[in-house]
Amino acid sequence: MSSFAFDTLKVKAGYSPMEHKGAVSVPIYQTTSYELGDSYRADRLFAFEEDDPIYTRLSNPTVDVLERRVTALHAGAAGSIALASGMAAVTYALLNAAGKGGRILTTVRLYGGTVDSFEQIFSEYGIEIDIVENPDDANEFAEKMRPDTRAVFLETLTNPFCTIPDIEKIADIAHENGAALIVDNTAATPYLLNPFAFGADVVVYSATKALSGHGNVIAGIVVESGKFDYGAGKHPQFTKPLWFLRDAQNNKRNILEIFPDIPFTGRIRALHLNYLGAALSPFDAYLVLIGLETLSERVQKQVANARAVREYLEKSEHVAWLRHPESEGSPYGDLVKKYFPRGAGSLVSFGFLGTEEERRKFLASTEVFSYQANIGDARSLIINPAQTTHVELTERQCELVGLSEDTIRLSLGLEDPRDLVADLARAFEKAYGRSED
Ligand SMILES: *Cc1c(COP(=O)(O)O)cnc(C)c1O
């Protein structure tokens, strides 16, 4: 399968109908547990010698197809683990990399919930988070590396301004310091960017967004290259012998012995998914699989719609500013060419020119754009991030992100671009009280 192109893999990879009574559409295995057969087989299953499912919290055949398919969509990936949400994917990946007493080096150009989880959760458990204030300067990553920095965490295409970190350079810096590079590739999707091609070790997604793409499911996934050496000394959590991983002769084993090809997602499955429990339901995995079938077609159209709307806004007298990596004069021009030749995503953010009252009217006046906190949906969405999705950010964090009160974020969907542009034009008129309807 792996020799096929992306568009073939997204509808076929990881599934063989003849192993499932010929069912063409992936069956939903709605079962909690699985017949163990005889006790000898049970011994093998519980010693990780056979990988058939035991209990759906740990694995499920429908979820398994999703994991295999997402792995296949990333050249250079060795394995994946699907989880109940994007937040579970981010949190489990960072907990797994940090272990006890580790540090994570990151930026504040992240999903609002991720930033707040550092303060509210990670700090409670002694995991230190260091912040690079200017992620456009890769040298700051090198300067902020500490002996116990176990991972660097980045978003590949940030929300709401679509800034782009120099992933390859930052991967080199992380690796020179023995740290893994974990990236959240949610806004980019594997169609626009395969971070493994530029040195990422782990890629996480909120599959809630464009990966599934229809605004009807909450899901997350962690993908790994299998190439990072977690046995080199910096990540003792991977080499610690665990009783629970013992073999049939009761010898304790460590994660690297049990999962030599997929140590990162293997450890998440054995520990975080097993004991913290954010399992993806088979039905939700099925919804993500259906969404994935049209990933390229949707993202292509969304990128084209984002361009059409951006061109309209760049000329609009109602726009105070518009920052986008594909705009003329953007400092990210070279990084777009290197990392996003197919387009830098489907988000467009701009400054609304007017009073707060007019901005509120604008948000209430769109009919095609719907006002909601999500991205990557088939429908076009509008929101005021400073007051909603990024409300957790402190003043200093907003300053670092460049997020101002007047920011409006659009996530482009699949509608006709003429209707989208006309909708914004009408909403501007209504906001300024120049239209009666
Ligand atoms: C939405 C989002 C998340 C959180 O995902 P959920 O599926 O909502 O839990 C994490 N990272 C990014 C970049 C997101 O957009």
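This structure is a prediction, so every number in the text was calculated from the model and none was measured. Read the numbers this way: they start at 1 and go in the same order the structure lists the ligands and their atoms.
Contact check for Leu66 versus Leu292: side-chain heavy atoms found under the 4.5 Å cut-off.
With hydrogens and angles ignored, the 3.5 Å screen pairs no side-chain donor or acceptor of Arg409 with any backbone N or O of Ala386.
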Go ahead and list the nitrogen or oxygen contacts between ligand 1 and the protein that come in under 3.5 Å, distances to 0.1 Å, or just say none.
{"from": "ligand 1", "atom 1": "5 (O)", "to": "Ser206", "atom 2": "OG", "distance (Å)": "3.0"}
{"from": "ligand 1", "atom 1": "7 (O)", "to": "Gly86", "atom 2": "N", "distance (Å)": "2.8"}
{"from": "ligand 1", "atom 1": "7 (O)", "to": "Ser206", "atom 2": "OG", "distance (Å)": "2.8"}
{"from": "ligand 1", "atom 1": "7 (O)", "to": "Thr208", "atom 2": "OG1", "distance (Å)": "2.6"}
{"from": "ligand 1", "atom 1": "9 (O)", "to": "Gly86", "atom 2": "N", "distance (Å)": "3.1"}
{"from": "ligand 1", "atom 1": "9 (O)", "to": "Met87", "atom 2": "N", "distance (Å)": "2.9"}
{"from": "ligand 1", "atom 1": "11 (N)", "to": "Asp184", "atom 2": "OD2", "distance (Å)": "2.7"}
{"from": "ligand 1", "atom 1": "15 (O)", "to": "Lys209", "atom 2": "NZ", "distance (Å)": "2.7"}

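Taking all atoms of both residues into account, the shortest heavy-atom contact from Phe259 to Ala270 is CE1-CB, 4.2 Å. Minimum interatomic distance between Thr239 and Asn254 (heavy atoms only, all atoms of both residues): O-ND2, 3.3 Å.
Note: Tyr92 and His272 have tilted aromatic rings, judged against thresholds of 30 and 60 degrees for the angle between ring planes.
For OH of Tyr371, the number of neighbouring non-hydrogen atoms (other residues, nucleotides, ligands) closer than 6.0 Å is greater than 12.
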